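Data first, discussion second: the structure below is written as structure tokens.
For clarity, every value in this text was computed on a predicted model and none was experimentally measured.
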Amino acid sequence: QVLSLPIVVIVHGNQDNNAKATVLWDNAFSEIDRVPFVVAERVPWEKMCDTLNLKFMAEVQTTKGLLKEHYFFLAQKIFNDHSASFEDFQSRSVSWAQFNKVTGRAGRGRQGLAWPGEPHTLSLSQEILPGRGFTFWQWFDGVLDLTKRCLKSYWSDRLIIGFISKQYVCKLLSTEPDGTFLLRFSDSEIGGVTIAHVIRGKDGSSQVENIQPFSAKDLSIRSLGDRIRDLGQLRNLYPNTPKDQAFGSHYNSECMGAE
């Protein structure tokens with residue numbers, strides 16, 4: 001008997017994101033000789049990191065994968081724990097509910113999984129991130145889509161830190177010169193990238209501001225590089241690279257010629 005890869009049958013396009021989560025979990029964490037539809041409810045966080053990294057690199061089609069500091073941020077996010085160390089997270093396991101709680105209900109299929117000849121529907125219930133209206137996977141998948149569509153070259157050039165908390169950004173930038181900035185993926189919106197920059201007062205005080213996140217639609221109208229070029233308050237990409245040096249190759253040459 002030969003079994004196919006897992007299939008999820010959905011009844012509406014808005015279930016696509018959750019269906020992808022189900023297939024990803026099954027492909028990554030099921031055993032080769034397992035009973036059909038039986039998948040672990042919890043997996044080691046270290047194994048989840050490997051899965052997220054492979055998924056990110058495959059979707060974005062980049063050779064630049066996630067770094068240790070990215071995994072640390074993602075662990076803080078999925079476990080809702082900002083007190084643990086990187087090493088503490090390495091010994092933890094993450095549950096399906098923390099990742100993207102989706103419960104399948106129909107026939108034999110678990111989490112909406114279906115195999116050829118076995119029609120299933122998907123009954124959805126998510127465990128959302130604290131203070132947000134979406135799950136960890138929905139947020140991460142939004143980052144994948146945005147990076148794949150609009151930010152691939154910036155990510156591959158390591159111009160985007162991306163996976164970093166707003167609180168840690170403030171810590172990094174608060175001691176930097178006026179106009180120092182970095183790019184991070186939005187926590188409050190799915191599929192958004194924002195620019196955080198420091199403003200220094202005449203008295204030496206500092207204030208870190210986050211510009212309204214740019215969506216894929218925004219960046220299809222005007223690229224990230226040209227938007228950064230437009231913003232005069234942005235001077236140096238963190239820690240100390242002049243923005244024209246960092247992003248010059250991403251500027252639209254036609255716009256530069258017009259000026």
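- The closest donor-acceptor contact from the side chain of S93 to the backbone of P44 lies at 3.5 Å or more, if one exists at all.
- Counting heavy atoms of neighbouring residues, nucleotides and ligands inside a 6.0 Å radius, atom CD of Q90 exceeds 12 of them.
- Contact detail for L24 and K55: the closest heavy-atom pair is CD1-CD, 4.2 Å.
- There is no path of hydrophobic side-chain contacts, each under 4.5 Å, that joins F79 to I164.
- Using modelled atom types, one side-chain atom of R227 and one backbone atom of R222 make a donor-acceptor pair closer than 3.5 Å.
- H70 pairs with exactly one of F56, F185, W155 by the ring-ring contact (aromatic ring centres under 6.0 Å, His included) rule, that one being W155.
- Hydrophobic clustering (side-chain heavy atoms under 4.5 Å, transitive across Ile, Leu, Val, Met, Phe, Trp, Tyr) groups F136 together with V143.
- Residues D187 and S165 come closest through the heavy atom pair OD2-CA, 4.4 Å.
- Residues V198 and S206 approach most closely at CG2-CB, 3.9 Å, considering heavy atoms.
- Listed for the T147 side chain is no donor-acceptor partner under 3.5 Å among the backbone atoms of L144.
- The two atoms that bring L182 and L237 nearest to each other are CA-CD1, 4.2 Å, heavy atoms only.
- Both tests hold for K68 against F86: distance to the six-membered ring centre under 6.0 Å, angle to the ring axis within 45°.
- Linking Ile, Leu, Val, Met, Phe, Trp and Tyr whenever their side-chain heavy atoms come within less than 4.5 Å leaves L173 and F247 in two separate clusters.
- For the atom pair CG of L146 and OG of S215, the computed distance is 8.0 Å after rounding to the nearest 0.5 Å.
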Please walk me through it: do Y71 and W45 pass ring-ring contact (aromatic ring centres under 6.0 Å, His included)?
CA-CA 10 Å; Y71 294 133; W45 170 243; 7.5 Å; no
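- A196 and N210 get closest at one heavy-atom pair: CB-OD1, 3.3 Å.
- If you check the side chains of E59 and Q61, you find no donor sitting under 3.5 Å from an acceptor.
- Between S205 and D203, some side-chain heavy-atom pair lies under the 4.5 Å cut-off.
- One distance of note links OH of Y251 with CG of L224; it measures 10.0 Å at 0.5 Å rounding.
- Listed here is the closest heavy atom pair of G142 and I190: CA-CG2, 3.7 Å.
- Side-chain contact between V60 and L151 is absent, with no heavy-atom pair separated by less than 4.5 Å.
- Annotation: the span from T22 atom OG1 to D26 atom CG amounts to 8.5 Å, rounded to 0.5 Å.
- Looking only at side-chain heavy atoms (C-beta outward), V208 and I199 stay at 4.5 Å or farther from each other.
- No donor-acceptor pair closer than 3.5 Å links the side chain of R92 to the backbone N or O of A75.
- The closest donor-acceptor contact from the side chain of S223 to the backbone of L219 lies at 3.5 Å or more, if one exists at all.
- Residues F214 and L234 fall within the same hydrophobic cluster, defined by Ile, Leu, Val, Met, Phe, Trp and Tyr side chains chained together at heavy-atom separations under 4.5 Å.
- With W25 contributing its side chain and S30 its backbone, the two residues share no donor-acceptor pair below 3.5 Å.
- Note on I228 and L231: same hydrophobic cluster, where clusters join Ile, Leu, Val, Met, Phe, Trp and Tyr whose side-chain heavy atoms are under 4.5 Å apart, directly or indirectly.
- Residue K166 qualifies as open at atom NZ: its count of foreign heavy atoms under 6.0 Å is 12 or below.
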For ring-ring contact (aromatic ring centres under 6.0 Å, His included), just list the numbers for F181 and Y238, CA-CA rounded to whole Å, side-chain angles, deciding distance to a tenth of an Å, and then say yes or no.
CA-CA 6 Å; F181 69 98; Y238 179 85; over 10 Å; no
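- Checked by atom type and distance alone, the side chain of S95 never pairs as donor or acceptor with a backbone atom of R42 at under 3.5 Å.
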For W137 and F99, what are the C-alpha separation, side-chain angles and deciding distance, and is it a ring-ring contact (aromatic ring centres under 6.0 Å, His included)?
CA-CA 6 Å; W137 165 252; F99 179 69; 5.5 Å; yes
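- A donor atom on one side chain and an acceptor atom on the other are found under 3.5 Å apart for S83 and D81.
- Looking only at distances, no side-chain donor or acceptor of K243 sits under 3.5 Å from a matching main-chain atom of N236.
- Judged by the 6.0 Å and 45° rule, R184 forms no cation-pi pair with F163.
- No donor-acceptor distance shorter than 3.5 angstrom exists from the side chain of Y168 to the backbone of F73, with no hydrogens or angles considered.
- The CD1 atom of I211 sits 4.5 Å away from atom CD1 of I195, with the distance rounded to the nearest 0.5 Å.
- In this structure, L54 CG and C49 SG are separated by 11.0 Å, a value rounded to the nearest 0.5 Å.
- Within the 4.5 Å cutoff, the side chain of E189 has no heavy atoms near those of the W139 side chain.
- In the model, T62 has a side-chain atom that pairs as donor or acceptor with a side-chain atom of S156 under 3.5 Å.
- Put simply, CD on Q233 and CD on E209 are 8.5 Å apart, with the number rounded to the nearest 0.5 Å.
- Remark: the D157 side chain and the H250 side chain contain an N/O donor-acceptor pair separated by less than 3.5 Å.
- The only option from N18, N100, D141, N17 that meets the side-chain hydrogen bond (donor to acceptor under 3.5 Å, both in side chains) definition with T135 turns out to be N100.
- At distances below 3.5 Å, not a single donor-acceptor pair connects side-chain atoms of R229 with backbone N or O atoms of G248.
- There is no side-chain donor-acceptor pair under 3.5 Å between Q167 and Q76.
- With respect to D145 and R149, a salt bridge is recorded, a charged nitrogen being found less than 4.0 Å from a carboxylate O.
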